[in-house]
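Written out below as structure tokens is the structure these notes cover.
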Amino acid sequence: MAISMQLLVLLLTFLVAATAVSYNHYRLPTSLRPQKYNLRVLTQLEDPANLRFEGDVTILIEALEDTKNITLHAKNLTIDESLIKLREINGDRQICIASTEVNTVHDFYIMHTCQELLAGSTFELTLPFNSELNRQLEGYYRSSYQDANETRWLSITQFEPASARLAFPCFDEPNFKAPFVVTLGYHKKYIGLSNMPVKETKTHESIADYVWCEFEESVPMSTYLVAYSVNDFSHKPSTLPNSTLFRTWARPNAIQQCDYAAEFGPQVLNYYEELFGIKFPLPKIDQIAIPDFSAGAMENWGLVTYREIALLHSDAHSSLVDKQRVASVIAHELAHQWFGNLVTMKWWTDLWLNEGFATYVASLGVEKINPEWRYLEKESLNNLLTIFRKDALESSHPISRPIQEVAEISESFDSISYQKGSTVLRMMHMFLGEDSFRSGLQSYLQEYSYNNADQDNLWESLTEAAHKYRALPKSYDIKSIMDSWTLQTGYPVINVTRNYKANSAKLSQERYFLNTQISRAHRNNCWWVPLSYTSQSESDFQNTAPKAWLECGKAGETLPKTIENMPNENEWVIFNTQVTSLYKVNYDEQNWKLLIETLTNGEFERIHVINRAQLINDALYLAWTGEQDYEIAMRLIEYLQREREYLPWKSAFENLKRVGRIVRQTPDFEFFKRYMRKLITPIYLHLGGLNDTFASIEQQDDILLKTLVANWACQYQVEDCVPHAQEYFREWRESPNPDETNPVPINLRNTVYCTSVRNGNEDDWQFLWTRYKKSNVAAEKRSILTSLGCSREVWLLQRFLELAYDPTDAIRKQDSMWAFQAVASNEIGFHLAKNYFMANVDSLYKFYHPITKDMSRLLPPLSEQIISQSDFDNFKAFIKENRKSLKGLDQALQQTLETILTNVQWKERNYHQLTRSIQLLL
Ligand SMILES: *[C@@H]1O[C@H](CO)[C@@H](O)[C@H](O)[C@H]1NC(C)=O
Ligand SMILES: *[C@@H]1O[C@H](CO)[C@@H](O)[C@H](O)[C@H]1NC(C)=O
Ligand SMILES: *[C@@H]1O[C@H](CO)[C@@H](O)[C@H](O)[C@H]1NC(C)=O
Ligand SMILES: *[C@@H]1O[C@H](CO)[C@@H](O)[C@H](O)[C@H]1NC(C)=O
Ligand SMILES: *[C@@H]1O[C@H](CO)[C@@H](O)[C@H](O)[C@H]1NC(C)=O
Ligand SMILES: *[C@@H]1O[C@H](CO)[C@@H](O)[C@H](O)[C@H]1NC(C)=O
Ligand SMILES: [Zn+2]
């Protein structure tokens with residue numbers, strides 16, 4: 001089947017190439033521009049064997065240049081050519097279509113007209129279309145849920161980045177904005193939702209019990225933001241006084257899980273109206289939880305769609321981590337209503353403008369509504385930790401990058417667009433200060449409302465504001481500074497070498513790589529770096545404004561910098577206060593020693609908590625790449641025995657996880673285990689072990705710390721962690737109705753389930769699997785799915801892998817990767833998962849196609865545990881032999897190979913050094 005499909009595509013490509021040599025560019029011609037869409041779609045949900053839609057679209061088109069064809073996007077739609085109508089508005093005359101052709105490479109549907117369409121005229125084109133509601137979670141597709149023993153069907157759209165063309169013929173590029181009038185036809189037992197409020201509902205002219213529901217005309221918008229759904233859901237209204245109509249939708253048997261989203265959504269929407277100085281422009285906003293959904297959520301204008309886990313919340317089943325995820329996804333999607341929907345990137349090259357902004361602004365939104373979570377700080381560190389790793393790979397890519405194919409657009413929805421985008425925006429916010437940042441953003445949004453922009457447009461607005469508020473010297477402009485961050489791959493490490501006699505410091509920068517074989521010549525990129533710093537006696541971490549800049553020369557070369565007025569030789573300095581900028585710092589040995597002394601002598605709180613996380617992260621990275629001794633790094637993290645805050649622990653565990661995944665495959669794991677116990681025991685006891693102390697925890701982020709520490713403590717068998725977890729689990733198993741009563745503290749459930757399955761038997765596994773099937777809460781289902789991968793029984797793990805990809809079983813397609821990842825992260829499951837991936841790569845590809853991005857998520861847990869040269873060679877050969885079944889995963893595969901390579905290097909270079917320094921500390 002795969003082969004015949006390939007052949008067909010080849011053949012069609014050939015035909016298209018032969019007939020239309022003249023136009024094979026990936027962008028639509030610019031001779032025509034849509035001015036308005038009238039879209040009618042009739043959806044049939046009654047017969048499960050025949051779930052379909054049919055409709056017609058009437059597009060008002062303006063000719064900007066003379067042309068003899070109309071080229072737009074359509075994919076996998078049946079279009080009856082004989083029913084296509086084209087009318088010139090001015091003379092009110094019909095124009096015939098001479099012929100049509102299809103370009104399958106770029107999804108073009110081309111209509112050659114009998115006569116030339118002249119510049120300046122306007123035309124009305126009507127196209128009929130129909131297709132089945134597909135199962136692929138994109139375009140216009142089907143989803144379902146169980147109500148008692150009945151399956152209920154619904155339809156929903158997912159168009160970003162390029163799937164509107166699967167639902168109706170259209171000019172499917174973000175810069176072709178036009179207003180939409182949507183009309184949905186469906187059986188009257190359903191309801192219809194779309195971007196705009198309902199205008200009127202009429203009975204269908206011929207089909208019994210069907211209605212036509214017409215929605216109001218929308219504002220001008222990109223095709224990827226159009227959305228509609230036919231369903232039988234319930235909703236919860238939560239409009240705030242004098243604010244936009246706000247509703248939250250879910251299947252009726254989950255409606256009581258909408259309370260939190262309904263409360264949080266309108267609050268954050270109001271905050272954005274104030275932050276951006278622009279009112280939400282639509283008369284209503286709906287948010288809806290879709291049972292089958294591939295991405296996390298989608299910001300369709302006025303009708304935001306979510307996975308259930310990203311919108312629904314149950315006080316009885318969702319942990320604080322789950323709740324914060326809901327808040328953060330809602331805040332992200334609502335931020336898009338301005339960044340993305342109101343002002344849209346010109347082309348997918350600048351996708352980061354959408355995603356980076358939404359990610360950063362979401363953390364401001366969550367911080368505003370729930371300051372007690374200290375979410376901004378936490379999220380900023382998480383983003384930094386992700387980017388410090390991903391962007392240290394040679395195979396990473398710039399934030400802003402050329403895009404041609406649809407597959408490349410999809411690959412761009414990655415941590416570089418989201419987290420690095422967000423991180424550099426935070427950096428800019430910090431060096432510009434509140435007033436100029438806000439004012440620059442507001443004028444950018446105002447100027448490009450209902451229009452498209454690229455990053456240079458944003459830089460102009462911000463430079464103007466920066467100069468007005470004197471936030472930047474007149475000789476600096478935002479474009480030179482920010483281009484160094486958005487157009488270059490990677491980030492710098494800055495060497496700070498102090499001259500203790502002269503009270504000065506010499507600074508130099510180079511690109512930081514995990515791969516140590518990369519030569520100096522490849523490292524000499526230059527970044528414009530805002531420099532903030534403080535000294536031991538000053539300890540002023542509140543001031544994050546740059547005291548100086550590392551600049552770049554005219555040709556982009558690095559310029560060395562000397563900073564005077566450094567403190568005395570017995571005082572440390574720390575650069576990058578609150579880690580507002582994306583760089584690592586390597587100090588000279590003396591400065592590291594001074595820092596270690598302050599950390600270990602009990603005065604560590606003199607150093608800001610996020611800078612403690614920074615020191616841990618920098619020291620462990622620099623040791624990993626050999627630029628620093630492991631002895632220094634390990635002595636530095638010794639202070640963690642007294643650390644009681646979340647961020648430094650988060651940073652340490654992120655790093656130690658990598659080391660652990662390698663060392664646990666070696667004979668010296670014993671020492672590492674003992675060392676981990678020594679580090680973790682004090683904080684474990686301080687937090688009351690696994691005892692249910694949550695009610696008395698005052699600081700909310702201590703809940704997260706306890707959740708995090710519990711997980712590590714049980715993994716490394718600290719104190720009573722394992723038996724205590726098993727005791728909770730036993731109590732739950734003994735509960736007469738385990739689906740109703742669960743004695744395990746919500747925030748410890750992941751740890752308790754995983755530990756009990758890990759140290760338990762088949763019955764424990766089966767008990768949990770039954771709970772999975774009976775659960776009605778997405779967050780709980782995910783916890784369980786992840787824990788089922790913790791078993792040490794090979795056969796259970798193997799069966800679980802097969803269950804994950806069995807379309808007839810209980811795991812939804814969108815969730816199967818969690819099962820795979822859970823097995824692959826387990827040291828026993830890793831080998832099974834790797835073999836499963838390699839043996840079934842063809843069927844996995846078919847399973848995930850066309851959303852290959854989800855397939856790429858299976859790779860990281862594998863790459864983190866492959867550590868030998870021969871396994872590297874094998875995996876490389878495997879990739880080469882299976883190119884066909886790994887199509888569209890190029891970026892992920894390169895990153896996989898490079899990660900494995902750095903593991904191999906680490907093991908050769910550092911493994912003995914690490915073990916030696918650990919033994920000294922035991
Ligand atoms: C359609 O018209 C545009 C603009 O005139 C032209 O560039 C393009 O080559 C034409 N496409 C085909 C397939 O002829
Ligand atoms: C394309 O449409 C046909 C007929 O409606 C359907 O059977 C098929 O599954 C669709 N294929 C894809 C790739 O969506
Ligand atoms: C389950 O289905 C059967 C037969 O289709 C029906 O008779 C029964 O009432 C249904 N049970 C529930 C709880 O809906
Ligand atoms: C409601 O909003 C309008 C326009 O923004 C404003 O003029 C009016 O005072 C507001 N009313 C209340 C009760 O806040
Ligand atoms: C920074 O210091 C490290 C370790 O001393 C050295 O390997 C590296 O070359 C230095 N980099 C620069 C740009 O001076
Ligand atoms: C947990 O609570 C029990 C009973 O109160 C107590 O004996 C035990 O020390 C506590 N464990 C920890 C680690 O605090
Ligand atoms: Zn987004």
Under the rule for side-chain contact (heavy atoms from CB on, under 4.5 Å), what residues qualify as partners of [X], not counting sequence neighbours?
X	result
A297	Y306, V329, E333
T852	Y845, L889
S328	V366, Y375
R658	R389, W624, E864

Taking atom types as modelled, is there a side-chain donor on [X] or [Y] under 3.5 Å from an acceptor on the other?
X	Y	answer
E173	W347	no
N617	N655	yes
T625	E627	yes
Q614	N611	yes
Q324	K378	yes
D350	S400	yes
N515	T902	no
Q158	S294	no
S395	E898	yes
N383	T386	no
H332	E299	no

- [ ] Assess whether side chain to side chain contact (heavy atoms under 4.5 Å, CB included) is satisfied between F357 and H336, documenting all intermediate values.
- [x] CA-CA 8 Å; F357 258 107; H336 272 311; over 6 Å; no
Task: Chi angles and distances behind the side chain to side chain donor-acceptor pair (under 3.5 Å) call for N300, T305 - done: CA-CA 7 Å; N300 314 301; T305 47; 3.2 Å; yes
Backbone of [Y] reached by a side-chain donor or acceptor of [X] within 3.5 Å:
X	Y	answer
S856	K853	yes
N495	S508	no
N457	D454	yes
S651	L647	no
N903	I867	no

Apply ring-ring contact (aromatic ring centres under 6.0 Å, His included) to [X] and list each qualifying residue two or more places apart in sequence or on a separate chain.
X	value
F437	H429
F847	Y805
Y533	F575
H73	F108

According to salt bridge (Lys or Arg N to Asp or Glu O under 4.0 Å), who are the partners of [X], at least two apart in sequence or on a separate chain?
X	answer
D701	R374
E308	R251
D107	R165

Open item on the list: List the residues meeting side-chain hydrogen bond (donor to acceptor under 3.5 Å, both in side chains) with S412, not counting sequence neighbours, and say none if there are none.
Closed with: R401
- [ ] Run the numbers on K479 and T463 for side chain to side chain contact (heavy atoms under 4.5 Å, CB included), then give the verdict.
- [x] CA-CA 8 Å; K479 181 171 163 58; T463 301; 5.6 Å; no
Do other residues, nucleotides or ligands put more than 12 heavy atoms under 6.0 Å from [X] [atom1]?
X	atom1	answer
K561	NZ	yes
E464	CD	no
K813	NZ	yes

Drop me the distance from [X]'s [atom1] to [Y]'s [atom2], to the nearest 0.5 angstrom.
X	Y	atom1	atom2	answer
L166	T157	CG	OG1	11.5 Å
M427	L432	CE	CG	10.0 Å
L393	K390	CG	NZ	8.5 Å

Task: R857 to W818, cation-pi by 6.0 Å centre distance and 45° axis angle - done: no
Open item on the list: Does the Lys NZ or Arg CZ of K584 fall within the cation-pi geometry relative to Y512 - under 6.0 Å from the ring centre and within 45° of the axis?
Closed with: yes
- [ ] Evaluate the ring pair (Phe, Tyr, Trp, His ring centres under 6.0 Å) criterion for residues W352 and Y418: first the C-alpha distance (whole Å), next the side-chain angles of each, then the deciding distance (0.1 Å), finally the verdict.
- [x] CA-CA 7 Å; W352 84 275; Y418 286 72; over 10 Å; no
Task: Check against ring pair (Phe, Tyr, Trp, His ring centres under 6.0 Å), Y224 and W348 - done: CA-CA 12 Å; Y224 80 89; W348 300 104; 5.3 Å; yes
Open item on the list: Applying the ring pair (Phe, Tyr, Trp, His ring centres under 6.0 Å) criterion to Y491, which one of F388, Y583, W527 satisfies it?
Closed with: F388
- [ ] Begin from the C-alpha positions of I387 and L582 and carry the test side chain to side chain contact (heavy atoms under 4.5 Å, CB included) through to its verdict.
- [x] CA-CA 9 Å; I387 292 313; L582 181 62; 3.8 Å; yes
Open item on the list: One pair to check against side chain to side chain contact (heavy atoms under 4.5 Å, CB included): I879 and L897. What are the steps and the verdict?
Closed with: CA-CA 10 Å; I879 290 173; L897 286 176; 3.9 Å; yes
Task: Residue pair F159 / V226: nearest heavy atoms and the distance that separates them - done: CD1-O, 3.2 Å
